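Each remark here refers to the structure printed beneath this line.
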Amino acid sequence: MFDAKISETTVTQNDIKIAARKVQVYYGEAHAIKDVSVDILDKTVTAFIGPSGCGKSTFLRCINRMNDTIPICRVEGDILLDGEDIYDKRVDPVNLRARVGMVFQKPNPFPKSIYDNVAYGPRIHGLARTKADLDEIVERALRRGAIWEEVKDRLHQPGTGLSGGQQQRLCIARAVATEPEVLLMDEPCSALDPIATAQVEELIDELRQSYSVVIVTHSMQQAARVSQKTAFFHLGNLVEYGDTEQIFTNPVDPRTESYITGRIG
Amino acid sequence: MSGVPQKRSLLVADSQLTKRNAAESRFKIYGLAAIGAGLFFLVVLLSQIVMNGAPAFFQTQITVPLTLDPAAVAKAEKSMMKTAGYRGMLEEALWNEVERGGIETQLKSPKELREMISAGAPGNLREFALADEGNQGTEVRYTFAASSRVDGYLKGRVTREGSKDDKGIRPEHFDLIDALVAVGVVETRFNLTFITGSDASDVRPEQSGMGQSMLGSLAMMFVVLGVCLPISVAAAIYLEEFAPKNRFTDFIEINISNLAAVPSIVFGILALAAFIQFGGGKLEIEALRASAPLVGGLALSLMTLPTIIIATRAALKAVPLSIREAALGVGASRMQSVLHHVLPLAMPGILTGTIIGLAAALGETAPLLLIGMVAFVQTDIASIGDFFTAPNVGMPAQIYIWAQRADGAWYERAWGGIILLLVFLVAMNAIAIFLRRRFERRW
Ligand SMILES: Nc1ncnc2c1ncn2[C@@H]1O[C@H](COP(=O)(O)OP(=O)(O)O)[C@@H](O)[C@H]1O
Ligand SMILES: [Mg+2]
């Protein structure tokens with residue numbers, strides 16, 4: 001029934017990076033996330049899957065407080081990053097977002113040069129003292145984004161002039177340039193062709209060495225390919241969470257099974 | 001078989017398709033007709049303006065040899081009406097030229113030439129005489145303006161027929177003009193005074209110009225720009241990016257839209273009360289007085305603010321959400337996201353809105369009527385302070401003043417003023433386009 005390769009789950013018991021407890025999210029009156037508790041591990045790729053509109057993006061955006069920008073959005077419950085409550089009054093979302101980077105569904109490079117796209121984060125956080133420092137940070141980030149070879153000769157040309165797949169890898173490079181600990185990705189491949197998708201997936205696998213990666217995807221094959229942990233959301237509930245292998249081969253909840261076999265979605 | 005739909009040929013159009021195509025071509029014709037009508041009116045308007053206004057840019061001049069007798073100059077300076085003596089000199093010089101050229105004329109004395117000489121010419125001669133001692137005693141070829149009747153005759157505005165009842169100018173004069181034109185003493189030249197000069201009294205349209213009012217309009221544009229751009233960009237950014245959505249901000253929003261629709265004369269009377277009567281009168285602020293471009297600019301700012309705020313908000317709204325998210329996502333603060341990313345992208349739109357607002361302000365007359373910027377103004381601008389505070393008029397007000405005067409020469413100048421006003425507008429638009437390009441080049 002399901003023939004995608006399932007990544008070798010080398011689940012050495014990693015530390016918990018993010019702990020969510022009884023999280024509720026409301027858009028005005030609408031209850032979008034219902035009582036979700038989940039532990040997201042360090043140096044692990046965690047996939048959020050589920051039918052469209054089930055709240056995957058909403059929950060993801062809670063983790064770096066991107067929902068703060070939506071006036072009608074209200075978040076309850078606790079989300080801890082390394083044991084610290086990110087919704088504490090003393091937390092400045094600006095600091096949080098420097099530690100929890102985000103890659104969006106549609107590639108959204110700034111309409112500036114490739115170099116400036118990557119350098120922007122380090123600049124505003126004061127990560128580089130000299131121009132040489134900054135050059136080094138930019139190169140390292142672009143290498144991590146697996147795009148250095150393609151752009152090293154045109155760093156000062158517009159980032160918006162790249163192809164869709166290149167733009168998305170540029171956005172990943174931009175996100176890792178600030179040295180985050182967690183990388184959130186909201187359907188990062190949905191606007192990409194299969195080849196670009198394969199490149200980004202390979203990249204995600206490498207990023208796991210350094211970060212905790214959370215990826216929202218509507219493609220179960222993709223979840224199976226890149227993640228070690230999978231969370232299945234349905235109508236705002238977290239239905240099932242476990243090792244990717246177990247979710248895809250031996251789901252506990254009947255709803256998960258229906259979704260995976262294509263009966264809901 | 002009846003159940004199977006018949007295969008239709010692609011080469012034969014069915015009736016529905018024919019109808020649809022007919023509707024489409026009808027629509028195209030309507031559109032073309034609308035554009036055609038618009039173009040027609042534009043052409044009519046522009047050709048009217050050019051035909052009526054172009055003569056204002058030319059002025060008939062008389063050039064004769066002239067020797068300023070120091071004794072005569074001294075005598076003229078002693079009399080009460082100083083320019084009277086100089087007028088005599090001009091009449092004499094022209095008369096001499098007529099006699100020397102052997103030109104036949106029914107006119108009997110130099111005095112009768114008076115109708116042909118601009119009322120402002122003697123004053124200019126006086127300035128010339130006193131400017132430099134060396135100008136006296138030697139013969140020079142001196143050029144001075146002909147009267148507006150002579151000017152009008154050569155431009156076709158004044159006719160022999162129409163001047164039958166004119167007490168001043170007679171057929172003999174017209175004969176003489178024709179003869180003088182033939183020998184090149186009288187000729188029509190480009191009228192620089194019209195561009196650089198200021199208003200002149202009713203009887204000397206040939207001395208008037210738009211220069212003064214252009215300075216007035218320019219000063220007001222600077223005031224409007226300086227006041228409106230920072231205030232409206234700040235207000236728009238706050239409302240668009242930071243303000244919470246509640247009753248209070250809704251109320252402000254509605255009021256801004258309403259302000260944009262308030263008749264401009266209301267802002268005029270507000271400016272009269274707030275700036276001149278309260279600011280200048282009660283608070284005794286020297287710079288805020290009637291007829292000053294500073295006050296005019298402030299009045300125009302009041303009416304331009306809502307326009308620019310609305311345009312700026314639209315430009316900010318047009319910046320995609322994904323750019324803001326990208327900035328916030330790498331840990332930029334809201335302020336940084338706005339200043340580093342949103343504002344630069346909105347800049348071309350903001351500039352366009354600003355220029356449109358400025359252009360509307362430039363053409364506005366009503367508020368100026370109320371704050372006394374329709375007076376007769378001949379100020380010389382000596383300093384930057386004067387530039388903003390010396391009594392002045394705006395270009396449309398100057399045109400309005402001239403259009404009210406009786407002589408046909410003023411009518412011509414009103415049209416000419418409109419040409420300059422349009423040139424001013426086109427220049428502003430050119431600057432806007434230039435700035436847009438500059439900002440857009442940064443992708
Ligand atoms: N900005 C918003 N305002 C109001 N409702 C929203 C907003 N974003 C998402 N929602 C609602 O929240 C629910 C979850 O949406 P989302 O998290 O985008 O789902 P997913 O990413 O799983 O497709 C949906 O019912 C959606 O309509
Ligand atoms: Mg989504």
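Chain A is the first sequence line, chain B the second, and so forth, proteins listed ahead of strands; every chain is numbered from 1. Predicted model, so just to flag it, every value in this text is computed and none were measured. Hydrogens, waters and symmetry mates are skipped; everything else that's a heavy atom, side chains included, is used.
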Open item on the list: Is it the case that over 12 heavy atoms from other parts of the model lie below 6.0 angstrom from the OH atom of A:Tyr26?
Closed with: yes
Open item on the list: Less than 4.5 Å to any heavy atom of chain B: does that hold for the side chain of A:Pro109, its backbone, both, or neither?
Closed with: backbone
Task: Neighbourhood of chain B inside residues 59-81 of chain A, taking heavy atoms under 4.5 Å as contact - done: A:Arg61, A:Met66, A:Thr69
Open item on the list: Counting neighbours of NZ on B:Lys28 that are heavy atoms of other residues, nucleotides or ligands and sit closer than 6.0 Å, is the number greater than 12?
Closed with: no
Taking distance alone, no hydrogens or angles, what donor-acceptor pairs closer than 3.5 Å link side-chain atoms of residues 43-50 of chain A to residues at least two apart or in another chain?
unit_1  : atom_1 : unit_2  : atom_2 : d
A:Thr44 : OG1    : A:Asn14 : ND2    : 3.0
A:Thr44 : OG1    : A:Asp42 : O      : 2.8

Task: Toward chain A: residues of residues 315-336 of chain B with heavy atoms under 4.5 Å - done: B:Ser322, B:Ile323, B:Glu325, B:Ala326, B:Ala327, B:Leu328, B:Gly329, B:Val330, B:Gly331, B:Ala332, B:Ser333, B:Gln336
Open item on the list: Which residues in residues 246-271 of chain B have any heavy atom closer than 4.5 Å to a heavy atom of chain A?
Closed with: none
- [ ] Could you label the plane-to-plane angle of the B:His341 and A:Phe110 rings as parallel, tilted or perpendicular, counting under 30° as parallel and over 60° as perpendicular?
- [x] parallel
